[in-house]
Every structure is written in C-alpha cells, then in structure tokens.
Amino acid sequence: MPRLAALTPSADGDGAGFPVLGNGTVLVTGGTGTLGALVARHLVSEHGVRRLLLAGRRGAAAPGTDELMAELTALGADVTVSACDVADRKSLAGLLAAVPAAHPLTAVVHTAGVVEDGLLEGLAPEAVQRVMAPKATAAWMLHELTRDLPLTAFVLFSSFAGKAGAAGQAAYAAANAFLDALARHRHAEGLPAHSLAWGLWEPASGITAGLSSADLARIARSGIAPLPPTEALALLDAALRTGHPVLAPVRLTEPRALRAHAAAGDLPPLLARLALGATARTRSGERRRAARGDEATAQGLVARLSALPEAEQNAELLEFVGGHVAEVLGQSDATQIEPDRGFQELGFDSLTAMELRNRLQKATGVRLPATLAFDFPDTASVAAHLRSLLDLDSTGRTRALLGELDRLAESLSSLSEHSGTGSSDRARITIRLRSLLAGWNEDSSDGPSKDADEDGGERRDLDTATDDDLFHLVENLGNA
C-alpha cells in the first residue's frame, strides 16, 4: 500500500549535491508559463545558468514573454524562446537539434501541462488525450530523444494528484502518475531523473487560474496549503540534492487542522495515514470509530428531528442542507443560501455537486444518488427529499436502545484491540451475546429457547465452566 514519509534532505545519506549545469543549455518546457518562468529566473539568479531554451506552444507570443526575456538577459543569461509542441516528436526533435554544439543540452525541466475537469465516468478519450499529450507523451518524447545526451538533470513537474487523486482530475492524475513511473524507470537505468509531485503553488498558473473559491476551499479541506514561490523553489533545490527519483514537495495545513480533517474523513487515505501517524491496528480502530461516529451523528440527527413538530423539522432540515451547501461553496455565512435558489445559479458544477451528495450521505446515513443536485436542483428540494428518506417516526425507546447497542459495539471494539483480552474472556462474552440474540429471536418468533440444554436442564454456569467447556459451547452455538 502506498505511503508517505517525511524526508529531511540535510540528513539524507544519498544526497549528491545540486546538479552541475556547467556552460550548457537548460531546456524548460512550458518556460513562458507561470511556473516555467519562476524556474527560469531561479536557475539564472541562484544557480548561474547562462543559456536557457524556453519552449511553449505560443513561443514569444505568450503574454509577458518580452518582459521575462529582458529580465533574464539583464541577469546575464542568453535566452531563446521557441514555439514548440513538445508532445509532437518531429517538432521536439527539431528543437533539440537546434541546440548549438558549443553549448549542448545539459538539463531538462518539464513543467508543461494542462487540466480538464470532469468526473471519471464522463471522460471521453479525446479529453484524456488532451491532458496526457503535453504532460505524459511529451515526457516520454523528452526521455527518448535525450537519453544518449550527457544530461546532469532531468526534472519532471508532476502533481500530488498522481499520488492521492484529485476531485474531477482523473486524467491529470493518470498523466502525473506516468511521470513518476518514468522517473523511476530512468533512475533504474542509471539516468538522471527527478519527478516532483507538487502540491498547490501560490501564484495562479495556467493550470490553477480557473480555480474558484469553492475549489480552493475543497483543496484546503484535503489538507493541502498553497506553497509560496520562495518556499517552492527552495524545495526544488532540496529535492535535486537527493538521490530520490520521486518526491512530493507538498505544504500541509498545520498539524492540528490536518488531524481534524483526517478525523472528519476529508483527507485522502495517503495523507490521513501520514496525519494520524498510527500503526495498522490503530488505524483500523480509528476507521471503525470514525464509522461509528458517522452512524451516531446520523442517528442524532434523526432523533433531534423526530422530537420536533413537522414544521420545525422542515426548517431544521433546510438549515442543515444549507450549511453543507455553504461549506461546499466555501462560504462562511449559510444564511445567504436561499432555499429556492438553483444550485447552478449558485455556481455548482459536477465536482461541487458530487461533494454535496457525499457530505449529505455521510451526515445522514442514507444512500443518495450521484445526480442528487440535478434531480433536486435547490436546497429546499434536497431538504424535502431527505425528509422523505429519514426515519423520523421511530419511537424514543427504539432510538435509546440503538444508542445502547452503539455503545456496546464501541466497548467490544475497544476490548478486541486490547492485547490483554484472554481467549476465555472472549468466549464468555460471545456466549452472552449469542444468548441475548437467541432470547430476542425467541421473543420475536415465540419459538423454543436455544439457551437450555437439549434435556431441558438449566443453562450452564459460566463461572464454573472450563475453557474447553466454553469453546465447546461456542462451537455448538455457532452450529445451532
């Protein structure tokens, strides 16, 4: 199972220092984009790179290119900007062939990439190809066309989405997972390779410029905090000083918030395991407790609503659904969510619609369709639908009994995780539970009790039974 572990580069035993770039040419794909330009400035100002080849689809026509070239030139660099589709083998081969022999290519930094939002089941092959081409196909072309060159660095800008997934980014996650695999492949062949699975960078780039406040709020709930450029570039340097082919330079939210997100089930499993820092047994117990917590929350909602008159039930459900709608949209004031205002008008898309459905399903314990926000297009409609699904007529005694069973289940789970629980204790508990269930079934069916011996004698005295007696009785009860 994949896992994350913190790495302190200064204490890393296989670090080899920053790659020596010499007087050669450094190629930066996506070099006129936000991240490419930041990397280009960093290589020139901090690492003395004097010859840069910046490749991008629009070349010198990309916004801000003239200013970037002037800035880099003023820093002492010789800069070439070229319009090139790096996913096209012929175009890329021509670009590389044009590198002067006097200043051969010494390093590649591949930052190019695009995203395309969409749920997995709605992805068309064309959409997948549009995402894979500039990221994965281009990386493979770069690998094949430079593998015989004396490169000192081959850096792939991957994404944490390839490690932990990202809502609505199945194709992008797959493309970045390919980059990570390519880095491992090159490393195994003795070639320079670093794939950096970045989290969110602070400046809006071509990939992140379209993120809404709801998108940013969702990312924050997943435990990821934006990286300031200076911190990101420092992590780039630190990563290149290690011998690890794949690293995840990600800034996480502060520990307390991260653990809270983990407890709430908002984190991807990969981050949740890191945040909780627990053993397998403890994690298993935490998952069970979290599941019981979700169930108790749902039962508490039903109990609270059942105690109210119908009109107040409706108002409570409206407030409940409105609160979740506001949180999904990244709004702090749920009172601004008008019950009859359509979700599309509020700015919902397929991702926010799916998140709302998942949150409500977890909070209520009832199964909801993936098309919830489209079948019931506003807060009032969803609240009315939930009311029809929730069991609001259960008696207080039934709810109280279910609560007692929940507490019993938690006690049993806690006891099962305690290493000091003996086999005879477990046998006694098992017999008692089976006895209770047999009595319940007898009351329900008016049938004969299975707790008595076949000759009608009294139940065996558990306090005087030996371990063999207990195990024998458990076996007979299990086969009854």
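This is a predicted model, so every value here is computed, not measured.
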Verify whether the ring centers belonging to His185 and His143 lie closer than 6.0 Å.
yes
Step by step, would you call Lys362 with Asn358 a side chain to side chain contact (heavy atoms under 4.5 Å, CB included)? CA-CA 6 Å; Lys362 180 180 179 181; Asn358 291 344; over 6 Å; no
Give a yes or no on whether the backbone of Leu305 and the side-chain of Glu316 come within a donor-acceptor separation of less than 3.5 Å. no
Taking the side chain as C-beta and beyond, is there a heavy-atom pair between Phe343 and Thr379 under 4.5 Å? yes
Using a distance-only test with no angle check, is there a side-chain donor-acceptor pair under 3.5 angstrom linking Asp237 and His47?
yes
Using the rule given for side chain to side chain contact (heavy atoms under 4.5 Å, CB included), can you reason through His187 versus His194, listing the C-alpha separation, both sets of side-chain angles and the distance that settles it, and then say yes or no?
CA-CA 8 Å; His187 184 71; His194 284 90; over 6 Å; no
Note to self: I'd like to know if the side chain of Thr80 and the backbone of Leu53 have a donor-acceptor N/O pair within less than 3.5 Å.
What the structure shows: no
Can you check whether Ala77's main-chain N or O pairs, donor with acceptor, with Arg51's side chain at less than 3.5 Å? no
For Ala370 and Met354 the tightest heavy-atom approach is CB-CE, 3.8 Å
Output, in order, the C-alpha distance, side-chain angles, deciding distance and verdict of side chain to side chain contact (heavy atoms under 4.5 Å, CB included) for Leu105 and Val108. CA-CA 8 Å; Leu105 194 70; Val108 171; 3.9 Å; yes
(request) Report the C-alpha distance between Leu317 and Leu390 in whole Å, list the side-chain angles of each, state the deciding distance to 0.1 Å, and finish with yes or no for side chain to side chain contact (heavy atoms under 4.5 Å, CB included). (result) CA-CA 11 Å; Leu317 274 171; Leu390 293 171; 4.2 Å; yes
Item checked: Non-hydrogen side-chain atoms of Val321 and Ile337 separated by less than 4.5 Å -> no
* Asked: Are side-chain N/O atoms of Thr25 and His103 paired as donor and acceptor at under 3.5 Å?
  -> no
>> Quick check on Glu231: does its CD atom have over 12 non-hydrogen neighbours (other residues, nucleotides or ligands) under 6.0 Å away?
In response: yes
Using modelled atom types and a 3.5 Å cut-off, is there a donor and acceptor pairing between side-chain atoms of Thr137 and backbone atoms of Pro134?
no
message = Salt bridge check, Arg89 against Glu144: does any charged N sit closer than 4.0 Å to a carboxylate O?
response = yes
inquiry  = Tell me whether the count of non-hydrogen atoms from other residues, nucleotides or ligands lying under 6.0 Å of CD in Glu319 goes above 12.
reply    = no
_For the residue pair Ser158 / Asp180, report whether a side-chain donor-acceptor contact shorter than 3.5 Å exists._
yes
One should read off an interatomic distance between Leu27 CG and His110 NE2, to the nearest 0.5 angstrom, of 9.5 Å
Q: Please answer whether the main-chain N or O of Thr111 pairs with a side-chain N or O of Thr29 as donor and acceptor at a distance below 3.5 Å.
A: yes
Cys84 backbone acceptor or donor facing Ser82 side chain under 3.5 Å: no
Closest heavy-atom pair, Ser195 versus Ala183, reported as atoms and distance to 0.1 Å, is CB-CB, 3.5 Å
Any side-chain heavy-atom pair from Pro226 and Trp201 closer than 4.5 angstrom?
no
Do Val328 and Arg359 touch side chain to side chain, with heavy atoms closer than 4.5 Å? yes
Correct closest heavy-atom pair for Phe320 and Ala363 would be CZ-CB, 3.7 Å
_Is the ring pair Trp140/Phe178 parallel, tilted or perpendicular, if the boundaries are 30 and 60 degrees?_
perpendicular
So CG of Asp88 and CG of Leu95: to nearest 0.5 Å the spacing works out to 11.5 Å
OG1 (Thr364) and CD (Gln361) are apart, to the nearest 0.5 Å, by 7.0 Å
Heavy atoms of Ala197 and Val250 approach each other most closely as O-CG2, 3.7 Å
* Are any non-hydrogen side-chain atoms of Leu200 and Leu227 less than 4.5 angstrom apart? -> no
In terms of heavy-atom contacts, Leu179 and Ala136 come closest through CD1-CA, 3.8 Å
Exercise. Determine the interplanar angle of the Trp198 and Phe157 rings, folded into 0 to 90°, and report it as parallel if under 30°, tilted if 30 to 60°, perpendicular if over 60°.
Key: tilted
The reported gap from CG in Leu191 to CZ in Arg186 (rounded to nearest 0.5 angstrom) is 4.5 Å
Legend entry - Heavy-atom side-chain proximity of Arg184 to Val246 below 4.5 angstrom: yes
Next on the checklist: Can you tell whether the side chains of Arg341 and Asp378 come within less than 4.0 Å, N to carboxylate O?
Outcome noted: no
**Message:** Can you confirm whether His385 sits close enough to Leu372 that some side-chain heavy atom of one is under 4.5 Å from a side-chain heavy atom of the other?
**Reply:** yes
Value for CG (Leu247) from CG (Leu235), rounded to nearest 0.5 Å, stands at 10.0 Å
When rounded to the nearest 0.5 Å, the distance separating CZ of Arg387 from CG of Leu389 is 11.5 Å
Closest non-hydrogen contact found for Phe154 with Ala139 is CZ-O, 4.1 Å
Query - Enclosure of Asp78 CG (heavy-atom neighbours >12, cutoff 6.0 Å) - result: yes
- request: Decide yes or no for Thr65 and Leu68: does some side-chain heavy atom of the first lie under 4.5 Å from some side-chain heavy atom of the second?
  value: no
